[in-house]
Amino acid sequence: MIDPERPAGWVSDGEVDTSAEDQEEMPLSLRLSIADTLTLGNATCGFMAVYFTTTGILIPHLVGSEESGMARHSAATAVILMLCAAVFDLFDGLVARKLRSSPMGAELDNLSDLISFGLAPAYFVLVYGMVADDAHQRVSAVAAIVVLLAVVLRLARFSCVTMKDGMFQGMPSPFGALTVVSIVLLELPFIPTLLAIIGTAWLMVSRVEYPKPRGILAVAMLSWIVGAMGLLAAWAFEAPGGQLLLQTGCALQVVLGAVIPLFATARRVNTFRDNRRESREARTAQLP
């Protein structure tokens with residue numbers, strides 16, 4: 001029975017609602033899972049890649065330092081951190097499927113990918129345009145913006161478009177970031193470098209289908225990343241043949257980036273032809 005003399009909303013000492021303690025607990029949407037922790041590791045690696053690109057490459061160039069070894073070590077460190085971010089990105093998806101992911105897992109993944117595979121490689125391109133002998137700073141800045149916007153658009157589309165299981169639409173941002181960095185490390189003339197970077201950005205927002213790294217493909221990708229880290233370390237410490245090995249690895253990365261779309265396009269053409277032939281045969285079979 002309600003006491004009419006009791007003020008509205010008043011609760012006596014003996015009627016304290018114990019649910020208040022439950023409300024003080026952290027809501028499920030703010031609890032981090034193991035997969036979320038890996039995703040935050042991805043973001044941290046991306047930020048540190050920007051840090052080493054700034055302190056080890058850009059600042060020495062601006063102050064007129066002639067120590068090329070420091071720039072080489074910092075460039076290798078920055079790229080290795082991007083590779084580590086790709087490893088975190090690979091494992092957070094696997095862990096989320098095996099265990100569980102929090103309600104904000106997808107948002108964390110997109111934000112982390114934007115830092116590690118959008119901002120970090122775009123900034124790498126920008127700094128390249130400032131320190132390379134034959135580069136043009138303003139044109140490089142435009143190329144860096146193109147890379148960043150391509151990753152932004154790709155991640156936004158990924159959240160809105162439903163693809164068939166096991167496939168990505170457009171070059172995955174980790175693969176695109178590593179391809180952009182590989183193009184810069186190849187030290188080609190400025191114009192071919194610029195065109196290759198813009199082409200990679202276009203592939204990231206294209207409708208070309210790429211397989212998701214699962215099973216054997218995930219193992220192959222992880223092995224490739226570990227091998228790339230070894231090549232970068234050999235180059236950074238000026239090991240015999242390190243420069244040649246690094247350029248070979250970068251060239252292979254660029255070739256893979258160019259060949260996969262060709263295979264995907266050929267597969268789509270063959271699928272379209274097979275569907276037309278089956279449709280034609282079905283209509284023929286229905287004729288009297």
Side-chain angles (χ1 to χ4, degrees), residues 39-62 71 74-89 108-132 134-159 168 170-206 210 225 228 232 250 253-254 256-258:
T39 303
L40 294 178
N42 171 6
T44 303
C45 289
F47 173 78
M48 293 305 296
V50 173
Y51 169 79
F52 278 100
T53 303
T54 302
T55 58
I57 304 176
L58 180 58
I59 292 179
H61 172 75
L62 294 177
S74 297
T77 302
V79 180
I80 287 175
L81 284 166
M82 294 184 211
L83 290 167
C84 290
V87 173
F88 280 119
D89 185 63
L108 281 176
D109 190 59
N110 277 348
L111 292 172
S112 298
D113 287 354
L114 179 59
I115 296 172
S116 299
F117 312 125
L119 176 62
Y123 187 72
F124 199 83
V125 171
L126 178 64
V127 173
Y128 155 75
M130 299 177 69
V131 303
D134 63 339
H136 302 277
Q137 182 175 340
R138 294 183 179 178
V139 180
S140 299
V142 173
I145 292 173
V146 170
V147 171
L148 178 63
L149 294 181
V151 175
V152 170
L153 292 172
R154 196 209 173 284
L155 293 174
R157 186 180 64 182
F158 177 76
S159 301
F168 285 122
M171 179 182 286
S173 52
F175 193 88
L178 298 181
T179 303
V180 167
V181 172
S182 297
I183 293 169
V184 174
L185 292 178
L186 277 174
E187 298 181 354
L188 300 173
F190 178 72
I191 297 300
T193 298
L194 179 67
L195 294 177
I197 289 173
I198 294 176
T200 304
W202 176 81
L203 285 174
M204 284 193 279
V205 296
S206 70
Y210 287 77
I225 291 175
L232 285 163
C250 291
Q253 174 73 31
V254 175
L256 287 174

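Given the structure is predicted, the values throughout are model-derived calculations rather than measurements.
- With values rounded to the nearest 0.5 angstrom, Met82 atom CE is found 12.0 Å from Asn42 atom CG.
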Set out, in order, the CA-CA distance, both residues' side-chain angles and the distance that settles side chain to side chain contact (heavy atoms under 4.5 Å, CB included) for Ile59 and Thr54, then state yes or no. CA-CA 6 Å; Ile59 292 179; Thr54 302; 4.1 Å; yes
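- For Phe190, the CZ atom counts as densely surrounded, since its 6.0 Å shell holds more than 12 non-hydrogen atoms of other residues, nucleotides or ligands.
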Trace of the side chain to side chain contact (heavy atoms under 4.5 Å, CB included) decision for Val87 with Leu83: CA-CA 6 Å; Val87 173; Leu83 290 167; 5.8 Å; no
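- A distance of 10.0 Å separates CD1 of Ile80 from CZ of Phe52, quoted to the nearest 0.5 Å.
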Could you walk me through whether Phe88 and Thr44 pass the side chain to side chain contact (heavy atoms under 4.5 Å, CB included) test, one step at a time? CA-CA 10 Å; Phe88 280 119; Thr44 303; over 6 Å; no
Could you list the donor-acceptor pairs under 3.5 angstrom formed by side chains in residues 174-185, with sequence neighbours left out?
unit_1 : atom_1 : unit_2 : atom_2 : d
Thr179 : OG1    : Phe175 : O      : 2.7
Thr179 : OG1    : Gln253 : NE2    : 3.1
Ser182 : OG     : Leu178 : O      : 2.7

Give the table of side-chain donor-acceptor pairs shorter than 3.5 Å for residues 139-157, with sequence neighbours excluded, one pair per line with atom names and distance.
unit_1 : atom_1 : unit_2 : atom_2 : d
Ser140 : OG     : His136 : O      : 2.9
Arg154 : NE     : Met171 : O      : 2.7
Arg154 : NH2    : Gly170 : O      : 3.4
Arg157 : NE     : Gln169 : OE1    : 3.4
Arg157 : NH1    : Val205 : O      : 2.9
Arg157 : NH1    : Ser206 : O      : 3.3
Arg157 : NH2    : Gln169 : O      : 2.9
Arg157 : NH2    : Ser206 : O      : 2.9

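- Between Leu194 atom CG and Leu188 atom CG the span is 12.0 Å, to the nearest 0.5 Å.
- Remark: Tyr123 OH to Tyr51 OH distance equals 12.0 Å, nearest 0.5 Å.
- Rounded to the nearest 0.5 angstrom, Asp89 CG and Asp109 CG are separated by 5.0 Å.
- Distance alone, capped at 3.5 Å, places no donor-acceptor pair between the Ser74 side chain and the Ile57 backbone.
- The distance from atom CG of Leu126 to atom OG1 of Thr53, rounded to the nearest 0.5 Å, is 10.5 Å.
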Working note: Cys250 + Val254, criterion side chain to side chain contact (heavy atoms under 4.5 Å, CB included); need CA distance, chi angles, decisive distance, verdict. CA-CA 6 Å; Cys250 291; Val254 175; 5.5 Å; no
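- Across all non-hydrogen atoms, the minimal contact from Pro192 to Pro189 is CD-O, 3.2 Å.
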